[in-house]
Protein chains: 2
Amino acid sequence: MKLQQLRYLVEVAKQGLNVSEAAEKLHTSQPGISKQIRLLEDELGVQIFIRNGKRVVDVTAPGREILRISERMLMQAQNLKRIGEEFVNVEGGSLTIATTHTQARYALPKTIKAFLSRYPKVRLSIKQGSPTQISEMVVDGEADIAIATEGIDHYPELAMLDCYDWNRDIVVPQDHPLTGLTRPLTLADVAAYPLITYDFAFTGRNKINSAFEAAGLAPNVVLTAIDTDVIKTYVSLGLGVGIIAAMAFEPDRDHGLVAIDAGHLFESSTTRIGVRRDAYLRGYAFDFISLFAPQLSREIVQGALMCEIDDGE
Amino acid sequence: MKLQQLRYLVEVAKQGLNVSEAAEKLHTSQPGISKQIRLLEDELGVQIFIRNGKRVVDVTAPGREILRISERMLMQAQNLKRIGEEFVNVEGGSLTIATTHTQARYALPKTIKAFLSRYPKVRLSIKQGSPTQISEMVVDGEADIAIATEGIDHYPELAMLDCYDWNRDIVVPQDHPLTGLTRPLTLADVAAYPLITYDFAFTGRNKINSAFEAAGLAPNVVLTAIDTDVIKTYVSLGLGVGIIAAMAFEPDRDHGLVAIDAGHLFESSTTRIGVRRDAYLRGYAFDFISLFAPQLSREIVQGALMCEIDDGE
DNA sequence: CTTACTTACGCGAATCGTAAGGATC
DNA sequence: GATCCTTACGATTCGCGTAAGTAAG
């Protein structure tokens, strides 16, 4: 049994049971992969793939089990290499954060500034995407850490850690009727105007929806955006009332806009950090997490990585 | 990086950093191992072993980390092979239980009888040893399941599962003064006679010691044995009063002996099952555990394997 | 007829064992 | 001097790529 064989195996499964594509991805020949997989099947004494004539059409039951373990082993092989890098160059290295616009724009800058001054030699990169995309980046090893609010649960490969709770503000132009309100803001007040808020599956959008639904209101959402800057721009233009993450309102920069606390109208959202359970994290990666969410010490993160496993086996 | 290299690495560490012995154990040449380890060190870019001139004297810090991960990978490689066996021969296979005399003699027979009738094709074997020995058998992969009462905690590689609580009986010849006691038995009553009980580190012996200590009594233990049969034999001979596990008294067989419940005198002990956290257990292994301790369903055991990890990393 | 996998074959590389060399205890 | 590891070298094996063959859609 060789690691290379496992690599072939996993890649074939990843490419939808297409041996040729796997060969291309791995920069090798297709017959080589075929042969090695057969050799492995012979050695283990089980078929891993079901072949219909000369076509791979499915994975056998033992094959699924074998793939699962093989992936783990390859992950650990990668971890071995990272250990090497870590000790060769304690300070240097790279760290890739996958996150959403809102986090990157409003929550992360402070953390990143602190991180860069502490680890000037670490190449930090930020990849943006939808919550689903960023989860998959981490699952696929393209990023080390995912940071998002929505929809990054339910990946058994990832350990999720709560960072902080937050809620919404309503933003309106400064001469807007809602600014003169003497009583507390209600959902009905908000629903009376055209609304501008986040796209579905982004930045706690579903908490907004459910609040209106629970109140029996059908708000008129005239525009949805992925990022807060777009929302604010159109609010400035008078297109409607914005509902944004409270942390995304910057009094110094957002001239002409007024934020009204709406924390009592919506259920609060929790921003989470996600890391691959079985990935080897460099020392500075733990520090990054601690800088972002001080309660997440290295010990706590490592504890969470090991426990809370429920990947239905 | 190749699995073979990791195997060499781990074996060298296991043989006390002696490359030659590792070579012998693995039936290969010593220069081969040396070379492969060096190649791996080159590939990873770190020294794994500290060499004093031409002698391996220690493991480096990254080396410890690398060894830990390598062991895991090799374990999983072995699991892959087991998966093959499992599916080739769903009913057949082997299962090795490492346990102490008391368990093998009094607790296990019922379980084993049921198991054998259910899986007649499984080659079941039982290895006996001290709690420490049986723990190490499982850690080293020589046995699949450890069953014991004492001293098999504190192995981070093992997951421990409580099976049942039990306590002690006093056994005496049937004409012994203690049989005529009209009031409840006390520790002082027992300590008044020469005692025969288990060897240190066996079958809850330390619970017996602490009970006497707490009562300020210094019992006269005239004989210690590993197994209950020896204790009963010498009690029959009138050598003293026996303290044994309650489950080890068999009224039908133990003619001439009387058991007196002593559950109120000693803290109860818990018999536990231990399995390697990262080993692949065959389906029938889970069934064996369930037969022995019905509350330990396959789901519960698997849950315990994954969580409750605290291997101080 | 195209796509996709298998078989066959030859090259180059890697692994392993033997033998000799040097360091440490 | 004994033990233990490294270096050197040759033989075998192994993995990989090219080319041809065959089955499925």
Side-chain angles (χ1 to χ4, degrees), chain A residues 1-60 63 66-67 70 73-74 77 80-81 84, chain B residues 1-60 62-63 66-67 70 73-74 77 80-81:
Chain A
M1 180 191 317
K2 294 178 186 74
L3 283 174
Q4 189 82 317
Q5 295 174 325
L6 305 184
R7 205 164 285 126
Y8 289 167
L9 205 66
V10 169
E11 192 61 36
V12 168
K14 207 173 178 182
Q15 297 301 325
L17 305 177
N18 187 319
V19 180
S20 307
E21 282 186 36
E24 199 164 335
K25 278 262 178 189
L26 295 175
H27 310 291
T28 184
S29 72
Q30 178 270 319
I33 294 192
S34 268
K35 188 176 184 185
Q36 291 304 320
I37 289 182
R38 284 182 170 275
L39 281 176
L40 182 63
E41 287 180 329
D42 287 352
E43 182 179 345
L44 297 182
V46 262
Q47 292 267 113
I48 296 168
F49 294 121
I50 297 175
R51 297 167 176 78
N52 194 350
K54 296 209 166 190
R55 213 152 290 223
V56 177
V57 292
D58 206 353
V59 183
T60 63
I66 289 170
L67 278 168
S70 299
M73 290 180 65
L74 294 174
L80 284 182
K81 288 188 188 158
Chain B
M1 181 189 321
K2 290 173 190 86
L3 283 173
Q4 189 83 317
Q5 296 174 325
L6 305 185
R7 205 164 284 125
Y8 289 168
L9 205 66
V10 169
E11 193 61 36
V12 168
K14 208 173 177 182
Q15 298 301 326
L17 306 176
N18 186 319
V19 180
S20 306
E21 281 186 36
E24 200 164 335
K25 278 263 177 188
L26 296 175
H27 309 291
T28 184
S29 70
Q30 177 270 319
I33 294 194
S34 268
K35 187 174 184 186
Q36 290 304 320
I37 289 182
R38 283 180 171 278
L39 280 175
L40 182 62
E41 287 180 329
D42 286 353
E43 182 179 346
L44 297 182
V46 262
Q47 290 268 111
I48 296 169
F49 294 120
I50 298 176
R51 296 164 176 82
N52 194 348
K54 296 209 164 185
R55 210 153 289 223
V56 178
V57 292
D58 206 352
V59 183
T60 63
I66 289 170
L67 278 168
S70 299
M73 291 179 66
L74 294 173
L80 284 181
K81 288 187 188 158

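Below, chain A is the first sequence line, B the second, and so on; all start at residue 1.
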| query | With sequence neighbours left out, what residues match A/E24 under side chain to side chain donor-acceptor pair (under 3.5 Å)? | reply | none
| query | Based on Watson-Crick and G-U pairs with both distances under 3.5 Å, what dot-bracket line describes DNA chain D 5' to 3', crossing pairs as [ ] and inter-strand pairs as |? | reply | |||||||||||||||||||||||||
| note | In numerical order, the residues of residues 19-27 of chain B whose heavy atoms come under 4.0 Å of DNA chain D are B/V19, B/S20
Strictly below 4.0 Å: does [X] bring a side-chain N or O up to OP1 or OP2 of [N]?
{"X": "B/T28", "N": "C/dG17", "result": "yes"}
{"X": "B/R51", "N": "C/dT24", "result": "no"}
{"X": "B/S34", "N": "D/dT6", "result": "yes"}

| query | Which letters describe nucleotides 20-25 of chain D, given B = protein heavy atom under 4.0 Å from base, S = only from sugar-phosphate, - = neither? | reply | -BBSB-
Distance-only donor-acceptor hits, side chain of residues 4-17 of chain A, under 3.5 Å, sequence neighbours excluded:
| unit_1 | atom_1 | unit_2 | atom_2 | d |
| --- | --- | --- | --- | --- |
| A/Q4 | OE1 | A/R7 | NH1 | 2.9 |
| A/Q4 | NE2 | A/Y8 | OH | 3.4 |
| A/Q5 | OE1 | A/K2 | N | 3.0 |
| A/Q5 | NE2 | A/Q36 | OE1 | 3.0 |
| A/E11 | OE2 | A/Q15 | NE2 | 2.8 |

Return all side-chain donor-acceptor pairs below 3.5 angstrom for residues 27-34 of chain A, not counting sequence neighbours, or 'none' if the list is empty.
| unit_1 | atom_1 | unit_2 | atom_2 | d |
| --- | --- | --- | --- | --- |
| A/S29 | OG | A/G32 | N | 3.3 |
| A/Q30 | NE2 | A/S34 | OG | 3.2 |

| remark: Residues at least two apart in sequence or cross-chain that pass side chain to side chain contact (heavy atoms under 4.5 Å, CB included) with A/K81, listed by chain then number, are B/M1, B/E43, B/L44
| remark: Residues passing the side chain to side chain contact (heavy atoms under 4.5 Å, CB included) test with B/R51, sequence neighbours excluded, are B/I37, B/R38, B/E41, B/Q47, B/F49, B/V56
Between protein and nucleic acid, restricted to nucleotides 13-15 of chain C and to nitrogen or oxygen atoms under 3.5 Å apart, what atom pairs and distances do you find?
| unit_1 | atom_1 | unit_2 | atom_2 | d |
| --- | --- | --- | --- | --- |
| C/dT15 | OP1 | B/K2 | NZ | 2.9 |

| Touch class at under 4.0 angstrom, heavy-atom based, for A/L17 against every strand present | sugar-phosphate
| query | For the pair made of CD in A/Q15 and C1' in C/dT3, what is the distance, rounded to whole Å? | reply | 17 Å
